[in-house]
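Working notes, beginning with the structure itself.
Everything numeric here is computed off the predicted structure, so don't read it as measured data.
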Amino acid sequence: MAEKELLQLCGTVEEVIFRNSTNGYTVMTIMNHGVTATAVGNMASVNVGDELKLIGGWKNHAVYGEQFAFECYEQALPTGAEGILKYLSSGAVKGIGRASAKRIVETFGDKALEIMQNEPQRIAEIKGISKEKAQALSEELKKTFGMRQMMLELGGYQISAQEAVKIWKVFGSQAVDLINENPYILCTEGVGIEFQRADSIAARLKKSAENEYRIRAGLAYVLSQNTRNGHTCLPRDVVIKVSARFLMLSEELVESTVKAMVLDGSLIQHKVDEKEFLFLPPLYRSESYTAERLYIMQQFPPEEITGVRAALEEFEAKQNIEYAELQKQAIMQALSGGLLILTGGPGTGKTTTLNAIISLYRQCGLTVYLAAPTGRAAQRMSEVTGHSAKTIHRLLEVEWDKNDRPVFKRNERNMLDCDALIIDELSMVDAALFEGVMRALPLGCRLIMVGDSDQLPSVGAGNVLGELIASGQIPVVELTEIFRQSMQSLIVTNAHRIVQGTMPEVTRTDSDFFFISCSDREQIAKKITELCSVRLPRTYGYSAFDDIQVLCPGRKGELGVAKINERLQNVLNPVTENVTEVKAEHGTFRTGDKVMQIKNNYDIVWTKQDGTPGTGIFNGDIGRISLIDKKSKMLYVQFDERTAEYDFETLNNLELAYATTVHKSQGNEFNAVLIPMHSVPQQLCYRNLLYTAVTRAKKILILVGEISSMKNMVMNQKKTMRYSGLKSLLREYTEKQ
């Protein structure tokens, strides 16, 4: 394929139409030989009067017409008195307005900027400008052009303008010198350039492969990459072996660097189950703080509620219900103690037990908050309890820092004002988020944690629910009895068989769990499409948009999320004259499409049907596109009673949702679930992924594919293993006392 031809556009900036200060994306007009052109692209800074050489190509925007899209640029100081006056008058240099710009240029002419940079004392000769102000103006000018010079130098390392903006914010005017000394600082938080790219820059700078900066960055990279697999820590010997192989260095050299990093606190070494482990400091702090706080909560329990047994008996009589023994045990523990983990599989009565706890808490005059890790999980919690629930992020009043990390307004200095907090779907909560909960929880507040430890663990690092249960330090009630009405469901009984490592019953055709045998990928995809579009809607009256959900083990391949979504979109919502569509990062969206929000976004504006406004759409929320307005570049999605507004720049928040991954489905339930089963990728072929998928179905579950694939998943329990220090740390705090 021939490379596209790169063109040049030279000229002076006439107007800055739009600028995103976070990523440097800029829309501006350039005067080129008396002709004005619109240019778009990323750059560190820009001001009216700047003289630029842009390198890129012309494109035709559907709304804004012809634009020059530049990929890189060169920036020079304005030349000539007229250009300098225009530049200084634009406010490019903080502290200089139109009047002072005019006086400076009238006094020094073409040499005004040169004198400002190199001889600031002469600027003080001008009436109204003190020596101190002259020096400040000089520093401001140097800073502006220092950033530009930095961008030009970093451009040689294939660092984009957007990345350069981040680098400048973190390292300032010393950035180039610091990078030349240690390119691996680019891997630090706030910049986030991949280790391999920093390694490439180091090679171009002829840095030794054995230099300590490289080994330190490599060790941090290995640990950081493994947080994506859910590990908060790794065995010390494993880290050394893996890092040595990754860096292609001796284990002795890597080990000596580990010792140095442990000494200066760059890594934390801690013994877990009699074996030395290494942590990145933030994750060690998360797990250590959580362990300490839970221990303190047990030492200072909430005020005891008297007459617990009598209150429960009275409640049973009033509700005309008799709880099972384990349910009673859980309710009693929640009322008499301050901490409880309530766990159990489907059909074991978790919701019934939880409703009793909430009712009795409120009966005792306690202020009770309910929370869950995702929007859909919080919504479902509200539906089954009849009480309002929030996402944990919203409960903790999240804000986002300049590096797009969550910062909670609720913390040790601004705690939650509740007497009891109930968290559902705890298996989905990672170590860092749970630390946030612990920091905001007032002493004496009851904490009830509800979850199914056999489901998939959190996407983020940690295994909070599993570690707390395994520690033996927190009261746990596991509901094991499947109630009679639930015993009628093959979904429920097969889910329990999967957990036990036993193959599900697949021969029955008179219940709610079905297996359709099929060995060809194309036929499986066709069968799922037919079930969604024809058979289930015709037989049960189910809507392909509201009731049916396809859950894929993975994203790639013929039976992955992307391909299945494409098939279903073309059948369920095909292109017609009346359907508007727009292309976005994650595919093409059409009016009427089923879509999912794939990240928490607390800024998206929505309006309820009664006109009530609000903000915030959350990861996992599913809705339908009600309108695409190309003229205003807006897209509207109906999420239950709310209509959310997306400008075209935020469409990367959405993806098609006819099919989704099992991970994305956590916290949701659907009337009918379809699962393709064929050559499941090894990294996804494990028991709790299948169990989680099965337990998303409320009324009908259909698996289509090979029985051998299901068997492989049922028999594989390895994936659930995660390295974490929480269990060990919690035991340590208890044993120290």
Legend entry - Flag side-chain contact, heavy atom, 4.5 Å: E287 against F434: no
* To do: For K275 and P235, indicate whether the former's side chain and the latter's backbone hold a donor-acceptor pair under 3.5 Å.
  => no
Contact check, side chains of L684 and V662, non-hydrogen atoms, under 4.5 Å: no
In this structure, CE of M710 is separated from CE of M677 (nearest 0.5 Å) by 7.5 Å
Test side chain to side chain donor-acceptor pair (under 3.5 Å), reference R216, set D264, N211, N182, output is D264
Output for pair (L651 CG, E585 CD), nearest 0.5 Å, gives 10.0 Å
**Request:** Give a yes or no on whether the backbone of A562 and the side-chain of K556 come within a donor-acceptor separation of less than 3.5 Å.
**Result:** no
>> Is it the case that the side chain of H231 and the backbone of Y723 share a donor-acceptor pair, with hydrogens and angles ignored and the cut-off at 3.5 Å?
In response: yes
Separation between CG (L551) and OG (S665), nearest 0.5 Å, reads 4.5 Å
- Heavy-atom side-chain proximity of Y691 to D452 below 4.5 angstrom: yes
Check: Are E210 and R214 ion-paired here, with the side-chain N under 4.0 Å from a carboxylate O?
Finding: no
*M713 vs I498 side-chain heavy atoms within contact, under 4.5 Å*: no
By side chain to side chain contact (heavy atoms under 4.5 Å, CB included), A659 pairs with (sequence neighbours left out) V550, C552, I564, N565
Between T232 and A431 the two heavy atoms that sit nearest each other are CG2-CB, 4.2 Å
Rounding to 0.5 Å, atoms CG (L396) and CG (L441) come to a distance of 9.5 Å
Here the pair of heavy atoms bringing P281 nearest to I268 is CA-CG1, 4.0 Å
Under the side chain to side chain contact (heavy atoms under 4.5 Å, CB included) criterion, do R696 and Q549 qualify, and how do the steps go?
-> CA-CA 9 Å; R696 299 310 90 206; Q549 186 62 51; over 6 Å; no
- Decide yes or no on side chain to side chain contact (heavy atoms under 4.5 Å, CB included) for N688 and D454, but give the supporting numbers first. CA-CA 6 Å; N688 58 353; D454 293 311; 5.6 Å; no
| query | Can a salt bridge be assigned to the pair E655 and R555 using a cut-off of 4.0 Å between side-chain N and carboxylate O? | reply | yes
Is there a side-chain contact between Q473 and K727, using heavy atoms and a 4.5 Å cut-off?
no
key: Within 6.0 Å of NZ in K563, more than 12 heavy atoms from elsewhere   = no
Given 3.5 Å as the limit, does a donor-acceptor pair link the side chain of Q523 with the main chain of C518, or not?
no
Could you tell me whether the side chains of E732 and H270 share a donor-acceptor contact shorter than 3.5 Å?
yes
Distance col, row L278:CG vs L219:CG, nearest 0.5 angstrom, shows 8.0 Å
Looking at T343 and E478, would you say the former's side chain and the latter's main chain have a donor-acceptor pair under 3.5 Å? no
In terms of heavy-atom contacts, E212 and A260 come closest through OE2-CB, 4.0 Å
Y733 and S288 have their tightest heavy-atom pair at OH-OG, 3.5 Å
V272 and F279: CA distance, side-chain angles, deciding distance, side chain to side chain contact (heavy atoms under 4.5 Å, CB included) verdict: CA-CA 11 Å; V272 177; F279 295 75; 4.3 Å; yes
Output for pair (L465 CG, M449 CE), nearest 0.5 Å, gives 8.5 Å
Of all heavy-atom pairs linking A495 and V694, the shortest is CB-CG1, 4.2 Å
Do the side chains of L253 and L247 get nearer than 4.5 Å, heavy atoms only?
no
State, with a plain yes or no, whether a side-chain heavy atom of T290 is found less than 4.5 Å away from one of E467. no
query: Do side-chain atoms of T188 reach the backbone of I185 as a donor and acceptor pair under 3.5 angstrom?
result: yes
- Item | Check: R731 side chain, S471 main-chain N or O, donor-acceptor pair, under 3.5 Å | yes
| message | Using modelled atom types and a 3.5 Å cut-off, is there a donor and acceptor pairing between side-chain atoms of H678 and backbone atoms of E706? | response | no
| query | Do T692 side-chain atoms and L456 backbone N/O form a donor-acceptor pair below 3.5 Å? | reply | yes
Notebook entry, point to check: Does N716 reach the side chain of R687, with side-chain heavy atoms less than 4.5 Å apart?
Noted result: no
Is it true that a side-chain atom of N494 and a backbone atom of P504 form a donor plus acceptor pair closer than 3.5 Å? no
Nearest heavy-atom approach of M438 to R293 is O-NE, 3.6 Å
Pair R567 + E522: basic N to acidic O under 4.0 Å
yes
Side chain to side chain contact (heavy atoms under 4.5 Å, CB included) evaluation trace for I675 with V704 | CA-CA 6 Å; I675 307 173; V704 184; over 6 Å; no
Contacts satisfying side chain to side chain donor-acceptor pair (under 3.5 Å) that involve residues 243-260 (not counting sequence neighbours) are R236-E255
